[in-house]
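Heavy-atom basis, side chains included; hydrogens, waters and symmetry copies ignored. Quantities reported herein were computed from a predicted structural model and do not represent experimental measurements.
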Amino acid sequence: MNPLLPYLIVLFVAATAWTIAMIKNKQRNGPYPLGLMGAWISAVVLAAFWQAEAVPWLWHFLQGVLLLWLGAIVLLVIALVSISGVKQPGRRFYLCCAVLSIVVNLAAGLHFLWIATVSPGGV
């Protein structure tokens, strides 16, 4: 089993729950879409790393992919700070989704760097 799969599953669940909550509450403005974009972008990046053998050209653009991942995390942090200042119903759920997404992305990033460092063949 690929070590990034658990992170991908948790991130996918958080992004899906966030999406469903936004559709249900009809939140189309404010900080919510930024965080949602960050959650889905980072899920796509993790999915690409999870299936890296199936996407061999990924390693040619590794710096760009890592920069995209970092940008997604920045979007999540911006959304977290913005959501903290808004007093709307459902705010706590969105905060939980944002915090969970940030924690999972940071853990996956550290795990990715650990694999790249200690693995004989790299990532």
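Under the 3.5 Å distance criterion, the side-chain polar atoms of Tyr94 are left unmatched by any main-chain donor or acceptor of Ala79.
Atom CG of residue Asn2 and atom CG of residue Leu46 lie 10.0 Å apart, to the nearest 0.5 angstrom. Interatomic distance, CD1 of Ile73 versus CD1 of Ile41, reported as 11.5 Å (0.5 Å rounding). Note that CZ of Phe93 and CD1 of Ile20 are 8.5 Å apart. Values are rounded to the nearest 0.5 Å. The CZ atom of Phe49 sits 13.5 Å away from atom NE2 of His111, with the distance rounded to the nearest 0.5 Å.
Closest non-hydrogen pair, Ala14 versus Leu100, comes out as CB-CD2, 3.8 Å. Across every non-hydrogen atom of Leu8 and Ala43, the tightest pair is CD1-O, 3.4 Å. Taking each heavy atom of Gly35 and Leu76 in turn, the nearest pair found is O-CD2, 3.2 Å. Of all heavy-atom pairs between Ile115 and Pro3, the closest is CD1-CG, 3.3 Å. For the residue pair Leu36 and Met22, the shortest heavy atom distance occurs at CD2-SD, 3.6 Å. In terms of heavy-atom proximity, Ala108 sits nearest to Leu4 at O-CD2, 4.0 Å.
Hydrophobic clustering, with ILVMFWY side chains joined whenever heavy atoms are under 4.5 angstrom apart, groups Phe112 together with Phe61. Under the 4.5 Å side-chain contact rule for hydrophobic residues, Val44 and Leu62 do not share a cluster. Note: the hydrophobic cluster containing Leu70 does not contain Val77 (ILVMFWY, side chain heavy atoms under 4.5 Å, direct or indirect links). Val45 is not connected to Leu67 by any chain of hydrophobic side-chain contacts under 4.5 Å among Ile, Leu, Val, Met, Phe, Trp and Tyr, and they are in different clusters.
Sorted by first and then second residue, the side-chain hydrogen bond (donor to acceptor under 3.5 Å, both in side chains) pairs with a member in residues 68-79 read Trp69-Asn105; sequence neighbours excluded.
Under the 4.5 Å side-chain criterion, counting only non-hydrogen atoms from C-beta, Leu106 is not in contact with Tyr7.
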Evaluate Trp114 against Leu110 for side chain to side chain contact (heavy atoms under 4.5 Å, CB included), listing each step before the verdict. CA-CA 6 Å; Trp114 176 258; Leu110 289 174; over 6 Å; no

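Looking at residues two or more places apart in sequence or on another chain, you find a side chain to side chain donor-acceptor pair (under 3.5 Å) between Trp40 and Thr19.
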